[in-house]
Amino acid sequence: KQGTNNSGPYTMYGVTFKDGRRMSTFSDTVFQLVAEAQKAGGVCKITFTQKGKYSTITGITKGSTPVEGELMDADVPF
């Protein structure tokens, strides 16, 4: 989604995970890393912030050990 607000133009990228959770990011870099991690396979940990009902992806780390409840790159259905 693209738009303009008081800070200027923006692009918001949406990601829907295998378990149905939806998150977004405004970072071109973070979105590219999420897409690359999904293509490469393996285990990744996604970090995010929660503000009300909205979750924003803030980073992705490759090579983490899966922990119950964490979102992994395999959850990203691109």
Side-chain angles (χ1 to χ4, degrees):
K1 176 180 176 180
Q2 295 183 324
T4 304
N5 60 21
N6 292 339
S7 299
Y10 68 87
T11 299
M12 181 179 72
Y13 301 97
V15 178
T16 302
F17 296 90
K18 187 169 62 175
D19 67 359
R21 285 187 271 184
R22 298 176 68 176
M23 295 186 182
S24 61
T25 185
F26 293 93
S27 168
D28 297 334
T29 303
V30 169
F31 183 73
Q32 185 65 32
L33 290 171
V34 170
E36 288 174 10
Q38 193 278 328
K39 283 183 184 178
V43 177
C44 294
K45 179 179 178 180
I46 293 175
T47 56
F48 62 95
T49 58
Q50 184 84 33
K51 186 172 183 180
K53 65 179 182 175
Y54 300 104
S55 300
T56 302
I57 300 169
T58 56
I60 182 168
T61 305
K62 295 182 181 183
S64 299
T65 303
V67 175
E68 183 68 30
E70 287 185 342
L71 296 175
M72 300 296 147
D73 67 309
D75 295 325
V76 184
F78 290 104

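Just so you know, residue 1 is the first one in the sequence shown, and it goes up from there. All values below were derived from every heavy atom in this structure, side-chain atoms included, with hydrogens, water molecules and symmetry-related copies excluded. Because the structure is a prediction, the values reported are computed rather than measured.
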Test item: Ile57 and Phe31 side chains (from C-beta on) under 4.5 Å apart, heavy atoms: no
Tyr10, OH: over 12 other non-hydrogen atoms inside 6.0 angstrom: yes
For Gln50, all residues meeting side-chain contact (heavy atoms from CB on, under 4.5 Å), sequence neighbours excluded: Phe48, Ser55
Least distance between heavy atoms, Val34 atom then Ile60 atom: CA-CD1, 3.9 Å
Check: Thr47 side chain, Gly59 main-chain N or O, donor-acceptor pair, under 3.5 Å: yes
Shortest non-hydrogen contact from Thr58 toward Val30: O-CG2, 3.9 Å
